[in-house]
Amino acid sequence: MQTVKEKLSNMASAAKEHTKICGAKVDEKVEKSTARTEDEKKIAHEKRKAKEHGAKTDLHAAKAAHKAEKLNAKRAQQRPMVGTHGAPVGAAYGHHGPLLGTHGATAAPATAAPATTYPVTAVPPAEKYL
């Protein structure tokens, strides 16, 4: 889905670039028709080239932004649920233990039986039969 969105965004950016280039060509023709000297015509031509360069720069910047947006969306989907804000470690595996790796969470009370806890980076052993 993100790839399709990126392609469509790139196509829209390319269309904007083409319209800017066409507008620059029209502006150049208007300026050349009203120019009185050869220098004014050269200035009009240089302005057109600068506008075209700006349009191409905008296109490449937009493409980079679209690629970054796609990568960020993929990265957001790949984040594990373990150790996130408010979710107990190992909750996805059916283990109930103290909240570790969360912000503002406290450990289990000392009177309770010590539960088997795993480090935040380690994965608890999987059940053989589900």
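Just so you know, these numbers use all the heavy atoms, side chains as well, and skip hydrogens, waters and symmetry mates. The chain is numbered in sequence order, starting from 1.
Listed by chain and number, the residues in a salt bridge (Lys or Arg N to Asp or Glu O under 4.0 Å) with Lys42 amount to none (sequence neighbours excluded). Remark: Lys5 engages Glu69 in a salt bridge (Lys or Arg N to Asp or Glu O under 4.0 Å) (not counting sequence neighbours). By the salt bridge (Lys or Arg N to Asp or Glu O under 4.0 Å) test, Lys16 is found to be paired with no residue, residues two or more places apart in sequence or in another chain being considered. A search for side-chain contact (heavy atoms from CB on, under 4.5 Å) contacts involving Lys7 returns nothing, not counting sequence neighbours. Considering only residues two or more places apart in sequence or on other chains, Lys49 meets the salt bridge (Lys or Arg N to Asp or Glu O under 4.0 Å) condition with Glu46.
Scanning both residues, Asn10 and Leu59, for their nearest heavy atoms gives O-CD1, 4.5 Å.
Residue Lys41 qualifies as open at atom NZ: its count of foreign heavy atoms under 6.0 Å is 12 or below.
Legend: salt bridge (Lys or Arg N to Asp or Glu O under 4.0 Å) pairs involving residues 17-28, not counting sequence neighbours, sorted by first then second residue: Lys20-Asp58, Asp27-Lys51, Glu28-Lys32, Glu28-Arg48.
One distance of note links NZ of Lys47 with CD1 of Ile43; it measures 7.0 Å at 0.5 Å rounding. Here OG1 of Thr34 is found 7.5 Å from CD of Glu40. Values are rounded to the nearest 0.5 Å.
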